[in-house]
Amino acid sequence: MCAIWLAAVDGSSPPAKLTAGTADDFCPGWAPDSASVFFLSDRTDSIQLHRIRLGGAEAGVLTDWRGEISDARPLADARLVAMVATDEPAEEDKRRRADRDDAFVWDSS
């Protein structure tokens with residue numbers, strides 16, 4: 001379990017926990033207006049992009065990505081966040097995984 005904390009760089013106040021719970025919250029990034037923080041979390045059983053507004057609001061999930069998200073960075077345009085993620089699985093990938101036919105063979109000799 002990992003949480004996101006806010007700390008005053010001058011030490012004028014103790015660090016404050018921004019997120020809490022049993023999930024892993026990581027990769028925080030400030031929104032351009034500094035009123036909220038974007039972060040990755042496994043709160044929904046897979047890693048998704050979330051946002052929490054400062055001032056005691058609850059975090060909300062922003063994506064329902066079926067691939068693997070490994071990083072996210074808010075952009076200057078407050079409506080956009082750049083994500084580093086694998087492609088979402090195609091129907092064939094889903095079928096192979098369901099049929100347990102998803103082995104990789106590196107050398108058959």
Side-chain angles (χ1 to χ4, degrees):
M1 171 173 77
C2 294
I4 297 173
W5 293 73
L6 291 178
V9 294
D10 63 1
S12 60
S13 61
K17 194 181 251 190
L18 187 60
T19 65
T22 59
D24 284 328
D25 301 333
F26 57 100
C27 265
W30 284 106
D33 63 2
S34 297
S36 58
V37 174
F38 294 96
F39 62 97
L40 298 179
S41 180
D42 63 357
R43 295 167 180 231
T44 59
D45 297 326
S46 65
I47 296 173
Q48 299 296 326
L49 179 65
H50 292 71
R51 177 179 56 199
I52 188 165
R53 297 188 189 280
L54 301 184
E58 190 65 31
V61 64
L62 300 177
T63 58
D64 184 19
W65 195 257
R66 290 177 296 282
E68 296 287 328
I69 302 173
S70 59
D71 199 3
R73 304 293 168 131
L75 301 177
D77 182 335
R79 299 168 298 161
L80 299 173
V81 176
M83 295 188 327
V84 177
T86 62
D87 290 339
E88 291 185 305
E91 289 302 318
E92 176 66 12
D93 298 326
K94 292 178 195 174
R95 183 202 57 78
R96 291 185 69 199
R97 192 168 296 123
D99 293 344
R100 300 186 58 80
D101 181 26
D102 56 352
F104 290 100
V105 177
W106 300 105
D107 187 1
S108 62
S109 56

Asp10: which residues meet the side chain to side chain donor-acceptor pair (under 3.5 Å) condition with it, sequence neighbours left out? Ser12

Min side-chain heavy-atom separation Leu54-Leu18 under 4.5 Å: yes

Side-chain contact test, heavy atoms from C-beta onward, threshold under 4.5 Å: evaluate it for Arg51 versus Val81 and give yes or no. no

I need the full list of salt bridge (Lys or Arg N to Asp or Glu O under 4.0 Å) pairs touching residues 74-91, with sequence neighbours left out, sorted by first then second residue. Arg66-Glu88, Asp77-Arg79, Glu91-Lys94

Verify same cluster id: Ile69, Val84 (apolar side-chain graph, 4.5 Å): no

To which residues is Leu75 joined in a hydrophobic cluster, defined by side-chain heavy-atom contacts under 4.5 Å among Ile, Leu, Val, Met, Phe, Trp and Tyr, whether direct or through other members? Leu80

Should we count CZ of Arg53 as having more than 12 external heavy atoms under 6.0 Å? no

Working to the nearest 0.5 angstrom, can you tell me the gap between Gln48 CD and Asp64 CG? 5.5 Å

Just wondering, more than 12 heavy atoms not from Glu58 lying within 6.0 Å of its CD? no

Among residues at least two apart in sequence or on other chains, which ones pass side chain to side chain contact (heavy atoms under 4.5 Å, CB included) with Thr22? none

Can you tell me if Asp24 uses its side chain to pair, donor with acceptor, with the backbone of Asp42 under 3.5 Å? no

Determine the sole option in Asp71, Thr63, Leu40 for which the side chain to side chain contact (heavy atoms under 4.5 Å, CB included) test with Met83 is passed. Thr63

I need the full list of ring-ring contact (aromatic ring centres under 6.0 Å, His included) pairs touching residues 34-67, with sequence neighbours left out, sorted by first then second residue. Phe39-His50

Throw together a table of side-chain donor-acceptor distances under 3.5 angstrom for residues 25-32, partners on residues two or more places apart or in other chains.
| from | atom 1 | to | atom 2 | distance (Å) |
| --- | --- | --- | --- | --- |
| Asp25 | OD1 | Ser41 | OG | 2.6 |
| Asp25 | OD1 | Arg43 | NE | 3.2 |
| Asp25 | OD2 | Thr19 | OG1 | 2.8 |
| Asp25 | OD2 | Arg43 | NH2 | 2.9 |

